Amino acid sequence: MQTIVDVNSVEKSYGFTQVINHCSFQIYEGEIYGLLGINGAGKTTLMKMMIGLQQIDRGSIYILGKEVSSNTEYLSNIGSVIENPTFYEHLNARELLSMHLSYMRKKADISEVLHLVGLEKADKKRISEYSLGMKQRLGLARAIVHHPKLLILDEPLNGLDPIAIAEMRGLMRTLANEGMSILLSSHIIEEIRHTADRIGILSDGHIIQELSRCFSSSDTDRKQSDCEFVTEDEQKLLVENFEDYVIGLMRGERI
Amino acid sequence: MNLCRLELMKIRLSTYLWAILGVFASLLAIGIMFLFIFQMEAGENGTSAEAELFANWNGLLALTTALAFSCFSIMSAVIASKVIISEYCGRNAVVLLSYPVSRKTMLGIKCLIVSGITTVFAFISNTLVIGIMYISAHIFEIMPQMNTEHFLSTVLISSFLMGILSSAVGIISTALGWKKRSAVTAIVCSLIMVCIFANCITVSPGNIVWVMLAMGVIFVMAANIVYRILTNGIEKMEV
């Protein structure tokens with residue numbers, strides 16, 4: 001499998017506060033990588049560094065084999081929804097996506113993407129008239145319309161109703177199956193557990209542990225995964241006490 | 001050109017066009033009032049020292065141009081604060097800076113749009129105002145003496161220079177506003193600059209082109225330095 005993202009010993013400080021400290025991890029092609037951490041753990045900072053919104057103090061990040069630097073060409077292969085998506089609200093969805101495609105210097109079928117996120121009937125409506133959930137969907141549409149190889153989603157399920165959350169999870173899985181790599185962040189353990197193939201737990205500015213789908217709450221997912229490295233009893237114990245286990249890790253406890 | 005088109009899509013240009021139309025109408029009303037001021041002042045007490053400025057076309061041109069400079073400088077700062085400050089200092093910055101376009105190019109395009117809109121509309125507005133004033137003066141037979149041979153070229157050159165000056169004020173105040181991350185700061189800066197420099201235009205109405213040319217050179221140089229500082233800041237900025 002091709003490595004899409006390679007984060008090597010990255011460090012970042014704000015004044016005297018070190019937010020990211022020797023952080024390293026990889027994301028592979030077609031994989032959904034969940035970044036889990038408490039509020040202020042540095043998830044958003046890490047994502048922003050990947051798209052050049054924050055400078056890297058030390059270490060390096062490679063995306064599709066190219067180092068993240070002042071060169072902006074690699075950005076056309078990345079789609080992102082960082083924090084709450086913002087739009088030019090006097091435009092409609094179709095105009096916004098068309099503008100986005102022009103900036104990304106790519107062509108795509110806007111109708112198809114709008115259908116995928118369930119906004120095909122609201123495509124002519126001004127964005128200012130959209131609900132919060134519709135804006136979240138539009139943010140995702142903007143992130144995927146140019147068919148990026150890497151999708152970065154910072155807490156994308158915020159503000160969505162349960163049906164929309166289920167649909168969004170399905171959509172992420174479809175995109176991953178088509179070969180898109182997804183980096184997903186959240187501070188909600190169950191949200192990540194249901195969606196990600198691998199979970200990186202971010203604490204003290206670095207990944208303290210990576211967990212695979214062996215600990216998924218879904219039986220099907222567990223069966224599909226290669227879980228030979230844990231015994232059946234260990235796996236059962238972790239599946240049942242997953243949340244406590246992760247919270248313990250985030251607190252710095254070794255179980 | 002494509003980037004220009006995309007940047008123009010982001011703003012509601014019609015709002016600014018209506019505002020420019022309002023500025024034009026106000027300038028025209030004031031300009032025509034200037035014509036009548038001369039008539040009234042001269043009719044009652046002979047020509048007073050204050051009314052001397054209204055007594056010939058050079059004086060009227062200087063006054064109208066100074067007023068237009070004031071209005072379009074503030075207008076330029078308002079457009080720039082929307083196109084530049086709101087974009088880079090607001091939440092849109094996350095999207096804006098994640099496009100595969102160099103930050104320097106993007107800022108250059110934005111400044112070009114601000115300068116272009118200001119210069120073109122300031123030029124058209126001032127030329128039209130003087131033109132309509134000239135026609136009105138003929139109709140009402142209140143025309144002050146025409147003591148300049150090349151008045152038309154003077155109007156065209158001074159209007160163009162006024163457009164350049166206004167856009168330079170817009171860029172300078174935007175850079176100051178960006179430093180404080182505030183659109184209000186930019187607009188206040190432009191107001192202060194206008195209060196100080198608008199008077200310079202009327203210093204010597206007979207040499208308005210030379211006065212404005214000197215001001216233009218200084219302002220463009222200042223705007224260029226400030227633009228470079230702004231570019232460096234935006235290239236290094238973190239969101």
Side-chain angles (χ1 to χ4, degrees), chain A residues 12-14 19 44-45 47-57 63 66 68-92 94-106 126-128 135 138-139 142-143 146 148 150 152 154, chain B residues 1-19 78-110 112-114 117 178 181 183 228 230-239:
Chain A
K12 175 76 186 172
S13 302
Y14 295 121
V19 182
T44 306
T45 302
M47 290 176 154
K48 283 182 173 179
M49 284 198 283
M50 286 183 187
I51 51 175
L53 298 178
Q54 294 274 334
Q55 285 172 8
I56 303 164
D57 289 348
I63 293 179
K66 287 180 183 162
V68 171
S69 59
S70 54
N71 180 11
T72 54
E73 285 306 310
Y74 76 99
L75 290 171
S76 60
N77 284 316
I78 300 178
S80 60
V81 182
I82 307 270
E83 295 165 344
N84 291 326
T86 52
F87 309 98
Y88 301 99
E89 305 221 340
H90 60 284
L91 302 176
N92 63 41
R94 200 168 277 278
E95 287 168 339
L96 183 97
L97 296 181
S98 159
M99 185 175 86
H100 180 77
L101 280 170
S102 299
Y103 271 116
M104 289 294 185
R105 297 175 204 133
K106 292 199 175 175
R126 279 192 177 189
I127 298 167
S128 55
K135 284 183 179 174
L138 184 60
R142 180 169 61 187
H146 56 289
L150 172 66
I152 297 175
D154 187 15
Chain B
M1 278 311 284
N2 192 36
L3 275 176
C4 256
R5 185 184 59 82
L6 293 173
E7 286 301 316
L8 281 171
M9 267 179 86
K10 291 180 184 175
I11 54 170
R12 264 190 253 196
L13 202 59
S14 59
T15 313
Y16 299 106
L17 293 181
W18 279 111
V78 170
I79 300 174
S81 62
K82 175 72 183 170
V83 174
I84 299 170
I85 299 176
S86 303
E87 282 274 278
Y88 286 103
C89 303
R91 292 192 304 155
N92 273 337
V94 172
V95 179
L96 184 72
L97 301 179
S98 62
Y99 288 133
V101 181
S102 98
R103 294 182 182 193
K104 196 176 175 179
T105 310
M106 188 83 94
L107 180 68
I109 295 287
K110 285 176 183 291
L112 195 70
I113 286 172
V114 174
I117 291 174
W178 181 79
R181 302 283 194 271
R228 281 167 199 273
L230 184 64
T231 309
N232 283 338
I234 283 173
E235 282 204 318
K236 287 175 190 160
M237 81 180 272
E238 294 188 333
V239 183

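Bear in mind the structure is a predicted one, so any value in this text is a computation, not a measurement. Quick note: numbers below take in every heavy atom, side chains included, and nothing from hydrogens, waters or symmetry partners. Each chain gets a letter, A, B and so on, in the order its sequence line appears, and its residues count up from 1.
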Next item on the list: Under 4.5 Å heavy-atom distance to chain B, tell me which part of A/Phe87 shows up: side chain, backbone, both or neither.
Entry: backbone
Check: Where on B/Asn92 is there a heavy atom nearer than 4.5 Å to chain A: the side chain, the backbone, both, or neither?
Finding: both
Next item on the list: Show the numbers, then the answer: is there a side chain to side chain contact (heavy atoms under 4.5 Å, CB included) between A/Leu53 and B/Val94?
Entry: CA-CA 7 Å; A/Leu53 298 178; B/Val94 172; 3.7 Å; yes
Checklist line | Residues, nucleotides or ligands: over 12 heavy atoms within 6.0 Å of B/Arg228 CZ | finding: no
Notebook entry, point to check: Side chain, backbone, both or neither: which part of B/Glu7 has a non-hydrogen atom closer than 4.5 Å to chain A?
Noted result: both
Item checked: Flag side-chain contact, heavy atom, 4.5 Å: B/Arg5 against A/Ser102 -> yes
Check: Between B/Val101 and chain A, which part of the residue has a heavy atom less than 4.5 Å away: side chain, backbone, both or neither?
Finding: both
Notebook entry, point to check: Where the side chain of A/Lys48 meets the backbone of B/Val239, is there a donor-acceptor pair that is under 3.5 Å apart?
Noted result: yes
Check: Considering only heavy atoms, which portion of A/Leu91 lies under 4.5 Å from any heavy atom of chain B: side chain, backbone, both, or neither?
Finding: side chain
Notebook entry, point to check: Between B/Pro100 and A/Met104, which heavy-atom pair has the shortest distance, and what is it?
Noted result: CD-SD, 3.4 Å
Margin query: Could you check whether any side-chain N or O of B/Glu238 sits under 3.5 Å from a backbone N or O of A/Gln55, counting only pairs where one atom can act as donor and the other as acceptor?
Written below: yes
Checklist line | Enclosure of A/Lys106 NZ (heavy-atom neighbours >12, cutoff 6.0 Å) | finding: yes
Next item on the list: Examine whether an atom of A/Asn77 lies under 4.5 Å from a heavy atom of chain B, and if so say whether it belongs to the side chain, the backbone or both; otherwise answer neither.
Entry: neither
Next item on the list: For the residue pair B/Tyr99 and A/Tyr103, categorise the inter-ring angle as parallel (less than 30°), tilted (30 to 60°) or perpendicular (more than 60°).
Entry: parallel
Notebook entry, point to check: Looking only at heavy atoms, which two atoms of A/Arg142 and B/Val95 are closest? And how far apart?
Noted result: NH2-CG2, 3.3 Å
Next item on the list: Indicate the atoms forming the closest heavy-atom contact of A/Ile51 with B/Ser98, along with that distance.
Entry: CD1-CB, 4.2 Å
